Structure formats: C-alpha cells, structure tokens
Amino acid sequence: MAIRNLCVILVTISLSAYSSLSQAPPPPPNSSCNDVFVSYTYNRGRPIPPFDPTNQAYRFESTVTVLNNGRDELKSWRVYVGFRYKERLTSATNAVLADGTPLPGFVGNGTEFVGFPETDLKTAIDTAGDLTQMEVRVELVGTQFGVGAPGIPLPNNLTLVNDGYTCPAATTQGNEMHLCCTRNVSSRPDNNLEDNFLPRQDGDVIIMYDVTRTYENYYWAQVNISNHNPLGRLDNWKLSWEWMNEEFIYAMKGAYPSVVDTRDCIYGRQGQHYLKMDFSQALSCEKLPTIIDLPPTSENDTNLGLFPLCCRNGTILSPTMDPSKSFSVFEMQVFKMPPDLNRSLLIPPQNWKINGTFNSDFECGPPIPVSPSHFSDPNGLPSKRSAVASWQVVCNITHFKDQSPKCCVSFSAFYNDSVVPCSTCACGCNTKPSQTCIANETALLLPYSTLLLPFENRTREALEWARIKRMTVPNPLPCGDSCGVSINWHVLSDYRGGWNARISLFNWGDNAFADWFAAVQLDKAAPGFEKFYSFNGSALPESNNTLFMQGFPNLNYLLAERDGDNPRKDPRVPGIQQSVISFTKKKTPGINVAGEDGFPTKVIFNGEECALPAIRPSSGHKTNAAPFAFVIVLALLFIH
C-alpha cells in the first residue's frame with residue numbers, strides 16, 4: 001500500500017512538473033534579435049481634467065527601449081516614434097528630442113529621440129553582457145487625446161533612424177510594439193569610424209562646439225557657425241540652446257547674450273555653490289540663452305573682441321559669394337555644477353536653434369560627438385592644436401506649410417506691353433477679413449511704369465490700363481503682394497543667334513541690403529549664358545541650370561525705399577539694382593525664348609525662394625522694349 005501511494009505521489013509530481021514546463025512563458029521578443037532591438041510599451045494612463053467627452057485628455061506613461069544585441073557598437077542612437085493622438089510630451093528620461101524641441105512640447109505628428117547624456121550603446125561582447133551599457137530605457141510621460149480604456153494609444157510607426165540599419169515593420173502584441181533592426185552587410189565592419197567617432201555630416205548650416213580648455217569646474221568652448229549652402233545666408237543670426245545641468249556663461253569673446261541676466265544664478269543653486277563668485281561679472285544664467293554677434297566696431301574690444309573671425313554683425317554669407325565670410329566664430333567660458341565637477345566630464349548643451357531676420361527657419365539636430373577639431377597654432381608655429389572634445393550640430397532649412405515667401409517676381413517681355421505682376425498676397429495677406437481687397441483674386445496686368453510705384457500708388461494706373469485693354473476688373477480689387485523685395489525679369493530681345501534679359505531688384509522695405517545676392521534657375525537657357533553687364537555674376541558651379549549674381553565690389557548695396565523729392569505729392573521710391581544678361585543660342589538649339597524657356601523657374605534672393613507668377617507674358621501683342629528701359633534708366637538717374 002505504501003509503495004502504491006509513493007508511486008502515485010511520484011506520478012503526480014512528474015505530471016505537475018510536465019504541466020509547469022508546458023506552461024512556461026514564451027521567451028521575450030528581444031531574445032531572438034541579434035542586432036538592435038527597439039520596443040515601445042504603453043504602461044498606464046488615466047483621464048485628466050478638463051473632462052470633455054468630445055476631446056478628452058489622458059495622461060500616458062510609456063517606455064521606449066533600445067537594446068544592442070549586435071556585434072557593433074551603436075553610435076548616437078536615434079529612434080523615431082510615430083505618435084498620432086495629438087500627444088504633448090511632458091518628460092523623457094535618458095533622451096531628448098532630435099529636432100531641439102524643449103519639453104513640454106507637441107509631438108503629435110511623430111518625433112525622433114536621441115540619447116542624452118549617454119549617446120552610444122556598447123555590445124555584449126565588449127561589456128560581458130552588461131545591460132547598463134547595452135540598453136537604454138526612455139521613460140515617457142505625456143498627454144494624449146481621445147484614447148481611453150480599454151483602448152491602447154500605441155504609435156503608428158516605430159523604427160531605428162541610424163544610418164546603415166534596415167528595420168522591418170513593427171510587430172504589435174497587446175500594449176507593446178517591437179522590431180529587430182539589422183545592420184546592412186555593406187556597412188559592416190564600420191570602416192567609416194575615425195578614432196571610434198562617427199564621420200562628420202554635411203548640411204545647410206554646421207555648428208561646431210569645441211572644448212578647447214577644461215578645468216575642474218569650468219571649461220572654454222569655441223563655437224563655429226559655418227554656412228554650407230551655396231545659395232543660403234544668415235542675417236543678424238541668433239543662436240540658442242538649452243543647458244541641461246545648470247551650467248552658466250561667465251565670459252565670452254566674439255559674441256554676446258541678447259539678454260545679460262544672472263538672477264537665476266544669484267537665487268539658484270549656482271549662487272549657493274559659488275559663494276565667492278562675483279556674479280555681476282557673469283553674462284548669462286538662463287537655461288535657454290540666446291547669443292548674438294557683435295558689430296565690427298567691437299572687433300578690437302579688449303574684453304569682447306580680439307577674437308579671430310568674429311564681429312560681423314550677424315552676417316554669414318553664402319560660400320559661393322565669399323568663402324572667407326561664410327562663417328562666424330566665438331568662444332565662451334562655461335561654469336559647471338555638481339556632480340559634474342570633473343575636467344573630463346564634458347556635456348554639450350542640447351536643443352540648438354538658429355535663425356536670422358530675412359532667412360528661412362532651420363531645424364537643428366542633436367550635438368553628435370565627432371573627432372576633435374584641429375586649430376592653427378596661435379603662436380604661428382607650423383603645428384596644429386587639438387580640441388579636448390568636439391561635437392557637431394547639423395542644421396537644415398525647413399519650410400513650413402504656413403510660411404510665406406519674403407520676395408516675389410514679376411515677368412515682362414519686349415513682345416507684350418503688359419507686365420505680369422507679383423501674385424496677389426505672394427508674401428501673405430492680412431488674416432483679418434477685409435472689404436477693401438480680395439486675397440484670392442488674380443492680380444491685374446500692369447503697364448511698365450507701375451513697377452516703380454508702391455502698390456498703394458498703382459490703383460489709378462492699373463484701372464486705366466484695364467480700361468484701355470478692355471480687361472475685367474473685380475470689385476473689390478485684388479490685394480497687393482505684401483513683399484518687401486520684388487524682382488522683375490524682362491525678356492529684352494530675341495534674335496537668331498541669341499537673346500537678352502534684364503533683371504531688376506526693387507527694395508520696398510525700410511532696411512537696406514548690404515552684400516546682397518540673387519540666383520535664377522533657367523532649366524533650358526542656362527547653358528547659353530554669356531555675361532552679366534552690371535552685376536558680378538556667373539553660372540553656379542556644379543549646376544547646369546542656375547546663374548548666381550551679386551553687385552560689384554563696393555557697389556553691392558540695395559538701398560532701402562525712400563521718400564520722393566517732394567514727399568507731399570511724389571510716391572516713395574524703391575531701392576533699385578539691375579543688369580542686362582546676354583545669352584547665346586549655340587549651346588541651346590531649339591530654345592523657345594518667347595515660350596517658357598526664357599523665364600526662370602526659380603528665383604532666390606539672399607537665400608530666400610521668391611514667389612513666381614502663375615503665367616508668362618503672351619506673345620500676341622508686340623511692342624518696343626524702349627519704354628521700359630527708359631523708365632528704369634530715368635529712375636536710376638533720379639535716385640543718384
């Protein structure tokens with residue numbers, strides 16, 4: 001009997017063990033990934049005030065995990081999360097947003113995360129499987145709209161953004177999305193790394209953050225802003241970033257904060273730590289400082305100037321225009337706070353932004369560690385000095401959907417006595433409803449003489465021209481173009497062996513443009529370009545369809561609009577620059593100048609793309625080009 005009971009017990013234990021084995025949980029998804037595993041896990045959420053059943057807000061808490069199971073170190077990891085529920089992110093651990101958006105910030109159209117302060121993920125081989133060096137967990141807290149329990153607000157996309165990796169579509173299981181990204185065979189082994197650093201990238205504007213000297217509680221950094229866009233520039237640049245660890249700027253050379261403010265230091269932890277420091281000599285304790293360039297008059301200032309390549313009044317020219325003026329440099333003394341008081345612990349600021357007064361917006365990436373920069377020896381010795389550490393920030397021009405151009409183009413030709421003016425509201429219109437003009441009506445054709453008149457003084461001439469030409473006139477009339485700069489492209493002549501055009505620049509603003517430049521894209525006509533007569537111009541290198549132009553030395557100045565000789569009765573007069581351009585037809589057989597071939601398909605002024613009219617002058621009514629030439633010449637004589 002005892003033996004039978006023992007057998008029953010053994011069988012029961014065996015069956016229980018078998019049952020436990022058969023019900024063992026499946027291995028985690030990352031166990032089958034031999035490269036980079038990425039996951040997004042929704043942890044929890046709850047409704048938050050205000051309570052609105054039509055647009056309810058919910059708190060969400062999620063985790064993004066990046067695990068390097070591969071053979072190669074993952075440098076400067078980047079992960080895209082396709083948020084889609086109007087998310088507003090409040091906090092993120094171990095990462096920042098790649099586009100420089102500070103938190104809290106809107107991420108509802110998707111966003112990219114980059115590692116901070118640690119940017120790299122090592123391999124299990126190099127760390128003996130130490131997850132603290134192989135893996136990063138980004139804890140997210142934010143607000144989303146519309147998805148309450150039992151719904152799960154997962155993103156619509158998840159991927160690794162680093163170059164050299166291929167990622168499949170993410171797999172969704174319950175409250176988690178995950179995927180395994182594999183390194184491309186062509187990029188392994190990584191022969192592009194220089195001294196274990198990622199290669200430097202190119203972009204429209206490159207910012208280098210070089211630590212040149214470092215001490216226990218502060219360091220000196222040199223900041224170099226360089227323009228790499230052949231048709232771009234910056235005017236009155238403003239540079240900003242975000243300090244992440246309570247750093248502050250004590251001294252600078254070559255630039256200056258737009259606001260000198262040390263209150264955050266005096267009343268904050270900085271003042272408690274640096275008890276003997278004279279904060280009246282410090283420059284900026286703002287978490288988000290804005291830096292501006294110095295005027296040329298400060299170049300020899302013993303306190304702020306005397307720094308090479310500084311003090312250019314915020315102007316960074318196109319490298320096509322003048323390579324020696326296509327960058328700006330300054331240096332600053334940065335004090336650190338505990339627990340970062342170590343000369344080898346260097347953390348660059350994040351969330352960089354740069355813009356100018358007459359320039360497109362830029363989107364800047366995160367600072368990426370690169371091989372240390374080298375500088376010429378300050379004593380003139382034939383040697384180079386290395387930076388202690390270097391980071392590169394790449395900024396590219398961004399055009400937003402609601403962003404209006406800042407300049408516009410009108411077209412005219414010798415074979416038509418009407419000018420196709422700048423489009424209605426080419427540079428935007430008043431957002432308030434108006435009964436005085438129509439924003440979506442086609443602009444009226446104009447006589448040549450009106451090109452020299454401000455828009456508000458054209459009405460009488462435009463109506464009379466419409467009467468003469470028997471054109472329909474809407475009521476109310478079309479609104480103006482609202483542009484501070486307009487450019488007229490006039491086809492001046494067309495003959496058997498070639499043709500000529502005239503380009504005229506008009507400045508309707510209150511500020512003059514020093515060192516201006518322009519470019520025109522002629523898809524078919526550019527190969528026949530011969531010369532500019534009154535501008536310093538040429539075909540753009542490495543382009544077969546673009547002409548680049550600027551004024552001659554000491555004449556490269558587009559004056560501001562000014563009063564007429566008799567302000568009581570004369571209209572204001574724009575600043576004007578113009579030149580004739582000659583073309584040959586030998587290199588462009590079959591070109592149709594009177595069609596669209598004689599007109600540019602893109603026009604750029606000071607780095608900004610100008611709005612083009614929708615139509616070209618028709619060739620139905622021939623006339624003489626002399627009246628237009630006479631008007632412009634008279635205007636130039638009148639101005640001088």
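Keep in mind that this is a model prediction, so the values were computed, not measured.
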Which one of Glu331, Met332, Met252 satisfies the side-chain contact (heavy atoms from CB on, under 4.5 Å) criterion with Val223?
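Checked Glu331, Met332, Met252 against Val223; only one passes side-chain contact (heavy atoms from CB on, under 4.5 Å): Met332.
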Using atom types as modelled and distance alone, determine if a side-chain donor or acceptor of Lys287 lies under 3.5 Å from a backbone N or O of Trp243.
yes
Would you say Asp204's side chain and Asn396's backbone share a donor-acceptor pair under 3.5 angstrom?
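No, the answer is negative, given that no donor and acceptor are paired below the 3.5 Å cut-off.
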Applying side chain to side chain donor-acceptor pair (under 3.5 Å), name anything that partners [X], two or more places apart in sequence or on another chain.
X	value
Tyr250	none
Thr297	none
Asp202	His228

Are Cys427 and Cys483 within a span of less than 2.5 Å, counting SG to SG?
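Answer is yes, sulfur atoms closer than 2.5 Å.
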Can you tell me if the gamma sulfurs of Cys364 and Cys395 sit closer than 2.5 Å?
yes
Any side-chain heavy atom of Leu444 within less than 4.5 Å of one from Trp465?
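No, too far: nothing below the 4.5 Å cut-off.
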Assess whether side chain to side chain donor-acceptor pair (under 3.5 Å) is satisfied between Asn545 and Ser543, documenting all intermediate values.
CA-CA 6 Å; Asn545 63 3; Ser543 172; 3.0 Å; yes
Report the C-alpha distance between Cys610 and Cys408 in whole Å, list the side-chain angles of each, state the deciding distance to 0.1 Å, and finish with yes or no for disulfide bond (SG atoms under 2.5 Å apart).
CA-CA 5 Å; Cys610 303; Cys408 65; over 6 Å; no
Please tell me whether Phe362 and Trp352 form a close aromatic pair, meaning their ring centres lie under 6.0 Å apart.
no
